[in-house]
Amino acid sequence: MDFILKGTVEAVKALYNTEIKESDIALQETRKEFDGEITVVTFPLTRLSRKTPEQTGNEIGEYLVSHLSEVAGFSVIKGFLNIVLSEEFLLKIFKEQLVKENFGEGQPNGKKVMVEYSSPNTNKPLHLGHVRNNLLGFSVAEILSAEGFEVVKANLVNDRGIHICKSMLAWQKFGQGETPESTGLKGDKLVGNYYVIFDKEYKKEIEELKAQGQSEEDAKKNAPLINEARQMLQKWEAGDEGVISLWKTMNSWVYAGFDETYNKLGVSFDKYYYESDTYLLGKDIIEEGLEKGVFFKKEDNSVWIDLTTEGLDEKLVLRGDGTSVYITQDLGTAELKYKDFNVEESIYVVGNEQDYHFKVLFLILDKLGKSWAKGLYHLSYGMVDLPSGKMKSREGTVVDADDLIREMVDTARKRTEELGKTEGFSDAEKEHLYNMIGLGALKYFLLKVEPKKRLLFDPNESIDFQGHTGPFIQYTHARIRSVINKASHKDFSFSEIGSSLSSSERELVMSLYKYPEVISAAAKEHSPALVANYTYELAKLYNKFYHEEPILKVEEQQLMNFRLALSQSTASVIKKSMKLLGIEVPEKM
RNA sequence: GGACCUGUAGCUUAAUUGGAUAGAGCACCUGACUACGGAUCAGGAGGUUAGGGGUUCGACUCCCUUCAGGUCCA
């Protein structure tokens with residue numbers, strides 16, 4: 001809507017002899033209870049006009065009508081100048097832009113960006129919290145790619161540490177040689193079970209020690225199992241053959257399980273990083289920081305950074321014994337990523353419990369003078385909670401990702417069969433459809449909410465398939481495809497439509513026209529929710545139009561073609577934007 | 001002790017970043033050409049935007065404060 005901005009700047013200059021910038025003008029969509037498409041907020045301009053908001057609006061409105069062919073009329077209500085666009089203009093943008101196959105697809109901008117997401121621990125299966133992470137990361141990557149970025153999707157796997165030793169130890173002690181093959185269990189599930197077993201046995205030992213008179217704290221430290229796990233970690237670090245081999249075997253089970261879940265979710269990665277490769281990184285950065293005077297040493301030889309002038313604390317970056325803390329390796333990994341891909345922006349999709357960590361991490365890299373530090377971004381999202389509170393793997397109160405997906409697909413199957421709409425589908429087509437709908441409902445449910453908000457999920461209340469949902473949008477797409485397929489011809493071109501556009505047609509054209517702006521905003525804000533809500537609005541407008549205006553039943557060929565073309569553009573934009581959310585849309589459902 | 005996030009209708013949520021009478025969906029109530037696909041559409045009811053104060057032409061949005069839930073730092 002640049003021409004409105006330009007026109008208003010000109011109007012202000014001509015009428016009030018004052019130069020203003022386009023950014024000084026507030027534009028918004030006209031509310032649907034008023035006529036018009038675009039609204040200029042004139043309150044701020046009264047200062048220049050020295051007139052009432054109404055007079056100012058009228059004067060600018062008249063200027064625009066007489067100087068811009070795109071503007072057909074206007075009305076003023078209080079400080080709001082509602083602009084009615086001309087039908088010629090709407091039809092022109094429709095024909096020249098909206099009907100194009102590649103409408104809304106951004107040109108490559110030559111910039112590279114990395115999106116790191118998923119980043120699981122290898123000691124337990126994926127749960128609903130990971131699902132939110134995966135969908136967010138994947139979708140943001142799709143959106144950035146649509147905006148024209150070259151995107152590298154990365155997964156930093158936490159494959160080492162005390163947690164995986166716990167699973168390994170429990171398997172060694174209690175596993176009796178179980179494997180995914182022998183049990184028929186998914187590998188990540190099998191390993192996760194042993195993590196739970198470790199915790200159970202560990203707790204038993206703690207209770208025994210407490211019964212012998214030890215304090216809770218001491219008991220936790222002295223339990224034989226935890227000591228064995230620690231020894232195992234040391235052996236791992238020393239490269240002990242037996243431990244390493246067990247570690248490789250069990251991790252390979254987990255990866256096979258993860259891959260299955262990733263496939264079902266439809267997410268993928270271009271680059272895997274493993275902490276077993278990166279956990280020793282970062283120590284040279286510590287040296288660098290000491291040399292530059294950014295870090296300082298305490299008496300015990302530990303290395304710190306003072307962030308009190310930034311309103312934060314002093315932060316430990318290396319222990320006194322020379323071993324790393326989390327942030328040490330994150331400093332190193334950040335540099336490694338930059339060296340590997342030379343990206344302009346590096347996005348970390350990580351829960352908001354790590355807000356402080358990333359704030360500190362980015363700040364340190366900036367203080368070290370890393371040129372790329374300004375491109376680091378923490379895409380922080382809220383935790384997924386159950387009505388009973390937080391999900392806890394060790395206590396078994398998690399919504400398992402695989403279970404959830406299966407339940408969603410089952411529900412989709414049941415709903416679809418009830419509606420009896422699958423005649424003519426092969427069995428394979430049916431399964432594909434149920435997957436599309438079940439996952440569509442799940443993905444949309446999780447992505448329509450602003451990332452930083454916490455999400456409450458009640459396993460007892462199923463996710464809706466009606467209203468503001470994925471299936472609603474999928475249904476709209478199928479419905480449009482059905483109409484188009486019923487048309488007896490394929491060429492929907494038209495010259496004059498022979499009557500004036502209805503309000504639902506105008507709204508639909510304007511909504512389609514907005515699509516590229518929505519992608520840009522979503523890319524800038526790193527927010528799939530913007531795309532999700534936009535797509536819903538578009539689908540809703542189409543359904544309204546569909547009910548109000550006949551398409552195949554109209555007499556005039558030109559008008560029919562316009563409405564068919566409008567339908568086709570809508571279907572195309574729905575399909576594209578759902579793809580940005582990782583959701584497929586069916587031809588029939 | 002310090003810092004951060006969240007709080008909008010019974011429930012799930014939106015609000016173009018300071019603009020109009022806070023907009024949707026679910027659930028509830030009423031209705032829709034004898035379905036170009038009813039997983040739809042139209043309408044009704046439902047709000048002190050957690051509470052209080054401030055900033056200004058205007059505040060869900062910014063500032064202060066209290067409350068509730070959650071998280072992080074040593």
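So that the names make sense, note that chain A is the first sequence line, chain B the second, and so on, each numbered from 1. In what follows, every heavy atom counts, from backbone to side chain, and hydrogens, waters and symmetry copies are set aside.
- Among B/A14, B/C36, B/G37, the nucleotide with an atom closest to any side-chain atom of A/K453 is B/A14.
- Residue contacts for A/E549: at a heavy-atom cut-off of 4.0 Å it reaches a base atom on one of the strands shown.
- Partner assigned to B/C62 is B/G54, using Watson-Crick or G-U wobble distances below 3.5 angstrom.
- Annotation: of the two residues near RNA chain B, A/E314 and A/K486, the 5′-most nearest-nucleotide partner is A/K486.
- In this structure, A/F80 packs face-to-face on the six-membered ring of B/A20, meeting both the 5.5 Å centre cutoff and the 30° plane limit.
- Residues A/E147 and A/S520 have side chains that bring a donor and an acceptor to within less than 3.5 angstrom of each other.
- Contact annotation: A/K448 does not reach the phosphate of B/A14 (side-chain N/O to OP1 or OP2, under 4.0 Å).
- For an aromatic pair to be called close, the ring centres must be under 6.0 Å apart, and A/F80 with A/F34 fails this.
- Within residues 581-589 of chain A, the residues approached by RNA chain B to less than 4.0 Å at the level of any non-hydrogen atom are A/E587, A/K588, A/M589, in residue-number order.
- With its glycosidic angle more than 90° from 0, B/U71 is assigned anti.
- Taking the side-chain contact (heavy atoms from CB on, under 4.5 Å) definition, one finds that A/D366 meets it with A/A373, sequence neighbours left out.
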- request: Starting at the 5' end of nucleotides 24-35 of chain B, put B wherever the base has a protein heavy atom under 4.0 Å, S where only the sugar-phosphate does, and a dash everywhere else.
  value: SSS---------
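- A/T476 contributes no side-chain N or O that forms a donor-acceptor pair with the base of B/A39 under 3.5 Å.
- Atom CG of A/L419 is separated from atom C1' of B/U40 by 12 Å (rounded to the nearest Å).
- For the pair A/T411 (side chain) and A/E407 (backbone), a donor-acceptor distance under 3.5 Å is present.
- Taking the six-membered ring for Trp and the full ring otherwise, A/H526 and A/Y377 have centroids separated by under 6.0 Å.
- With sequence neighbours excluded, the residues that form a side-chain contact (heavy atoms from CB on, under 4.5 Å) with A/A334 are A/Y348, A/L365, A/W372.
- Using a 4.0 Å heavy-atom distance criterion, A/I437 is classed as a base contact.
- The nearest whole Å value for the distance from the CG atom in A/N485 to the C1' atom in B/G37 is 12 Å.
- Distance, A/M391 CE to B/U71 P: 13 Å, rounded to whole Å.
- Counting any heavy atom pair closer than 4.0 Å across all strands shown, A/P44 reaches a base atom.
- Whole-Å rounding puts the A/K78 NZ to B/G58 C1' distance at 10 Å.
- The listed nucleotides are B/C57, B/A20, B/U40; the one nearest the side chain of A/Q28 is B/A20.
- The backbone N or O of A/L456 sits nowhere less than 3.5 Å from a side-chain atom of A/D385 that would complete a donor-acceptor pair.
- Side-chain contact between A/R132 and A/V449 is present, with at least one heavy-atom pair separated by less than 4.5 Å.
- Counting only distance, with no hydrogens or angles, the side chain of A/T328 and the backbone of A/V317 share a donor-acceptor pair below 3.5 Å.
- You can call A/F34 stacked on the base of B/A20; the centres are under 5.5 Å apart and the planes sit within 30°.
- If you measure from atom OH of A/Y542 to atom C1' of B/A42, you get 18 Å, rounded to the nearest angstrom.
- A/T416 comes within 4.0 angstrom of a base, heavy atoms only.
- Contacts of A/L455 with the nucleic acid, taken as non-hydrogen atoms under 4.0 Å apart, involve only primed sugar atoms and P, OP1 or OP2.
- Judged by distance alone, the side chain of A/S139 and the main-chain N or O of A/L580 form a donor-acceptor pair under 3.5 Å.
- Residues satisfying the side-chain contact (heavy atoms from CB on, under 4.5 Å) test with A/S567, not counting sequence neighbours, are A/I480, A/I484, A/Y542, A/F545, A/I551.
- Looking at A/K359 and A/E310, no side-chain N of the basic residue comes within less than 4.0 Å of a carboxylate O on the acidic one, giving no salt bridge.
- Heavy atoms of A/E33 sit nowhere under 4.0 angstrom from any nucleic acid atom.
- Using the Watson-Crick or G-U wobble rule with both distances under 3.5 Å, B/U12 pairs with B/A24.
- Comment: A/R563 engages A/E549 in a salt bridge, judged by a side-chain N to carboxylate O separation of less than 4.0 angstrom.
- If you take CG of A/L447 and C1' of B/U12, they are 15 Å apart, rounded to a whole angstrom.
- Within residues 296-310 of chain A, no residue is approached by RNA chain B to less than 4.0 Å at the level of any non-hydrogen atom.
- Distances from the side chain of A/K359 to the nucleotides B/C41, B/A39, B/C4 place B/C4 closest.
- Between A/R31 and B/A20 there is a side-chain N or O to OP1 or OP2 distance below 4.0 Å.
- In this entry B/A68 has B/U6 as its Watson-Crick or G-U wobble partner, both defining distances falling under 3.5 Å.
- Using a 4.0 Å heavy-atom cutoff across all strands shown, A/A487 reaches no nucleic acid atom at all.
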